[in-house]
Asks: 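Input: one structure, supplied below.
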Amino acid sequence: METDEALDLLPAKYVADDQRGMRCDGERCSALSGRIGEGTSCLVYEVRPDVCRACLPGDPECRMARAAFGIV
Ligand code: SF4
């Protein structure tokens, strides 16, 4: 269970104004650094939300997201 204390560790500049998720730049999480399809990293990796921890490289959700953006 994700606690408020854990979520409070996220820098406010990456959190949506309504506090319901990460701030996005268009369809892209503002904490995502780099170029999609070439090399990316999470700027808040150590304190990323549980929903991010649940998605693993190559799992069904990952493959679905990659397909949605045309990344094979
Ligand atoms: S892991 Fe989560 S917080 Fe990090 S860049 Fe991806 S969506 Fe954003």
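Order of appearance sets the numbers: ligands from 1, and atoms from 1 within every ligand. Sequential numbering from 1 along the given sequence is applied to the chain's residues. Quick caveat, the model's predicted, so the values are computed rather than measured.
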Asks: R48 and C42: which non-hydrogen atoms are nearest, and at how many Å?
Replies: CB-SG, 4.4 Å

Asks: Could you enumerate the protein N, O or S atoms under 2.8 Å from atom 8 (Fe) of ligand 1, written like residue then atom name?
Replies: C29 SG

Asks: Can you name the side-chain contact (heavy atoms from CB on, under 4.5 Å) partners of V51, sequence neighbours left out?
Replies: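 Listed in chain order: P49.
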
Asks: Applying side chain to side chain donor-acceptor pair (under 3.5 Å), which residue pairs with at least one partner in residues 49-68 are found, sequence neighbours left out?
Replies: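 Output for this query is empty, none listed.
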
Asks: Grouping I, L, V, M, F, W and Y whenever their side-chain heavy atoms are under 4.5 Å apart, do L9 and L32 come out in a common cluster?
Replies: no

Asks: Protein heavy-atom contact under 4.0 Å for atom 4 (Fe) of ligand 1?
Replies: yes

Asks: Quick check: is V44 connected to V15 through a chain of hydrophobic side chains (ILVMFWY, heavy atoms under 4.5 Å apart)?
Replies: yes

Asks: Tell me which pairs pass side chain to side chain donor-acceptor pair (under 3.5 Å) where either residue lies in residues 1-17, with sequence neighbours left out.
Replies: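 Passing the test, one end in residues 1-17: D17-R23.
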
